[in-house]
Amino acid sequence: MKKSIIKGTGKFLPPHIVTNDDLKEIMDTSDEWIRQRTGIHQRHWITEEDACGSSDLGTEAAKMALEAAGWAPEDLDFIIFATLSPDIMFPGGGCLLARNLGLNSTPALDIRQQCTGFLYGMATADAYIKSGLANKVLVVGAEVHSSGLDKSTRGRDVTVIFGDGAAAVCVEASDTEENVGLIASALHADGNYADSLMTELPASNLFKRMPEGVSLDDPRYFPVMDGPTIFKKAVRMLPQVTQEVLKKAGMDIGEIDLVIPHQANKRINQAFGQFLKLPEDKVFHNIQKYGNTTAASIPLALHEAIEEGRTGKPGDVVLFVGLGAGLTWGASVYKFA
Ligand code: UT7
């Protein structure tokens, strides 16, 4: 049976770093609060000078992943682009990214899925590969949050956690009987919690997408989050979906060499590790450097875990897991070939 094997990874961060102390200059917050409540020390944000879209950040990450895989853009037969912050309303960022790569006919699929964009993207790539529809797939997660955040004290609970960034993986079909590649995925969504984390405007479900009489400073134009509800959901659902995916994979938690979770809040991932009785060094964190980069967060963590030698050797098994807006949540088990 065909297996989905990661052949290369890449990342790209806009160069400008915003520290917690920088945020203190524009809103009522503190380095101490942000570090203690989230584990974040800094994040990367685009500036007025290098303003660009998530597809542009994704393109740079994709180029790095393609080079690592030894592929030319023309080798790709499918592109999956995950973001909650598309460059423009439409067309989708996947088309823009393909254009940036010099392509003019490669199919490109946009998916939303927010923090679980990479999990849904990998599961989709795997389905395309296993069904024979594609052999070389590019999965990209990319976000430009900073241009849409409420940078006043009113938005501080959300704004301090989000960062801009992108990451990409090249996934290839391999004909092997070995139990390698993407071994299992478990995905979920519950739209009943859509209001817990959302940006409401502009809204196509209104007679006027940008309603008359509503100021552009209205909170509905910015992401709003019921943080405590999402936090509690994450602490409950992440271990649950982990058990589900391990069962599908026919593995137990002891066989996981490294957990690469979505980087939403370091406390969520520490609670997850404690619940599953994992040694601290088995859960990867890079939230301190980047904040929450949503669809980019898991592949960005994967890229750095490989770079740091924490995983990537043949036989190493990693667990990807995350929860975010939607709500969507999921997990997957991947074994390096
Ligand atoms: O990736 C998408 C999925 N998202 C998540 O997984 C996020 C999950 N939620 C969280 O990570 C946390 O809920 C937050 C980090 C967002 C907030 O932390 P919290 O411990 O849940 O804080 P809270 O919202 O309960 O607020 C506690 C206090 C409040 O003040 P009062 O009412 O107690 O006086 C907030 O106004 O902290 C205040 N606060 C802040 N203070 C300084 C909220 N944000 C800030 C801030 N700086 N940035």
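Counting starts at 1 for both ligands and their atoms, following the listed order. Not measured: the values here are computed from a predicted model.
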Margin query: Would C115 count as a contact residue for ligand 1, given that I'm defining contact as a non-hydrogen atom of the residue lying under 4.0 Å from a ligand atom?
Written below: yes
Notebook entry, point to check: Can an N or O of R37 be found at a distance shorter than 3.5 Å from an N or O of ligand 1?
Noted result: yes
Next item on the list: Starting from atom 25 (O) of ligand 1, locate the nearest protein heavy atom and write down its residue, its atom name and how far away it is, to 0.1 Å.
Entry: P228 CG, 3.7 Å
Next item on the list: For E178, look at atom CD and say whether over 12 heavy atoms of other residues, nucleotides or ligands are found less than 6.0 Å away.
Entry: no
Next item on the list: Indicate yes or no: at least one non-hydrogen side-chain atom of F78 is less than 4.5 angstrom from one of L133.
Entry: no
Check: Of all the heavy atoms in M27, does at least one lie under 4.0 Å from an atom in ligand 1?
Finding: no
Margin query: Less than 4.5 Å apart, side chain to side chain, heavy atoms only: is that true for I17 and H44?
Written below: yes
Next item on the list: Could you check if a side-chain atom of I256 sits within less than 4.5 angstrom of a side-chain atom of L278, using non-hydrogen atoms only?
Entry: no
Check: V160 heavy atoms, cut-off 4.0 Å: which ligand 1 atoms fall inside?
Finding: 48 (N)
Next item on the list: Could you list which atoms of ligand 1 come closer than 4.0 Å to a heavy atom of H262?
Entry: 1 (O)
Checklist line | Full working for side-chain hydrogen bond (donor to acceptor under 3.5 Å, both in side chains) between E143 and S54 | finding: CA-CA 5 Å; E143 305 288 356; S54 50; 5.8 Å; no
Item checked: Proximal ligand 1 atoms for T38, defined as those under 4.0 Å from one of its heavy atoms -> 15 (C)
Check: Which heavy atom of the protein is the closest neighbour of atom 1 (O) of ligand 1, given with residue, atom name and distance?
Finding: N292 ND2, 2.6 Å
Notebook entry, point to check: With a cut-off of 4.0 Å, which atoms of ligand 1 are near a heavy atom of M225?
Noted result: 4 (N), 7 (C), 16 (C)
Item checked: Enumerated ligand 1 atoms positioned under 4.0 Å from heavy atoms of A264 -> 1 (O), 5 (C), 6 (O)
Note to self: Once you restrict to heavy atoms under 4.0 Å, what part of Q114 touches ligand 1? Side chain, backbone, both or neither.
What the structure shows: neither
Check: Does N265, backbone or side chain, put an N or O under 3.5 Å from an N or O of ligand 1?
Finding: yes
Note to self: Among all the protein's non-hydrogen atoms, which is closest to atom 29 (C) of ligand 1, and how far away is it?
What the structure shows: R156 NH2, 4.8 Å
Checklist line | Contact partition for T159 relative to ligand 1, non-hydrogen atoms under 4.0 Å | finding: neither
Margin query: More than 12 heavy atoms of other residues, nucleotides or ligands under 6.0 Å from CZ of F231: yes or no?
Written below: yes
Checklist line | ligand 1 versus I268: contacting region, heavy-atom distance under 4.0 Å | finding: side chain
Check: Restricting to pairs with a member in residues 37-62, which pass salt bridge (Lys or Arg N to Asp or Glu O under 4.0 Å), not counting sequence neighbours?
Finding: E60-K63
Notebook entry, point to check: Can you list the atoms of ligand 1 that are under 4.0 Å from a heavy atom of R267?
Noted result: 20 (O)
Notebook entry, point to check: Would one find more than 12 heavy atoms of other residues, nucleotides or ligands at under 6.0 Å from atom CD of E67?
Noted result: no
Checklist line | S4 (side chain) donor-acceptor with V171 (main chain) under 3.5 angstrom | finding: no
Notebook entry, point to check: atom 27 (C) of ligand 1: which protein heavy atom is closest, and how many Å away?
Noted result: W33 CZ2, 4.6 Å
Notebook entry, point to check: Is there a side-chain contact between V333 and V317, using heavy atoms and a 4.5 Å cut-off?
Noted result: yes
Note to self: Any heavy-atom pair between the side chains of M210 and Y221 that's under 4.5 Å?
What the structure shows: yes
Item checked: From CA spacing to verdict: side chain to side chain contact (heavy atoms under 4.5 Å, CB included), N20, E32 -> CA-CA 9 Å; N20 296 342; E32 191 193 5; over 6 Å; no
Note to self: I'd like to know if I111 and F320 are part of one continuous hydrophobic network [Ile/Leu/Val/Met/Phe/Trp/Tyr, side-chain heavy atoms within less than 4.5 Å].
What the structure shows: yes
Notebook entry, point to check: Identify the closest protein heavy atom to atom 3 (C) of ligand 1: which residue and atom is it, and at what distance?
Noted result: I230 CG2, 3.7 Å
Note to self: For ligand 1, which is the ligand I care about here, please tell me if A325 has any N or O atom under 3.5 Å from one of the ligand's N or O atoms.
What the structure shows: no
Check: How does T29 reach ligand 1, if at all, at less than 4.0 Å between non-hydrogen atoms: by side chain, backbone, both, or neither?
Finding: both
Checklist line | Side-chain (Q263) to main-chain (N286) donor-acceptor, under 3.5 angstrom | finding: yes
Item checked: Any protein heavy atom < 4.0 Å from atom 45 (C) of ligand 1 -> yes
Check: Which ligand 1 atoms are under 4.0 Å away from a heavy-atom of D157?
Finding: 16 (C), 43 (C), 44 (N)
Note to self: How far is atom 13 (O) of ligand 1 from the closest protein heavy atom, and which atom is that?
What the structure shows: G227 C, 3.1 Å
Item checked: Distance flag for atom 5 (C) of ligand 1, protein heavy atom under 4.0 Å -> yes
Next item on the list: Would you confirm whether any non-hydrogen atom of the protein falls under 4.0 Å from atom 34 (O) of ligand 1?
Entry: no
Item checked: side chain to side chain contact (heavy atoms under 4.5 Å, CB included), paired with L57, selected from T293, V144, L13 -> V144
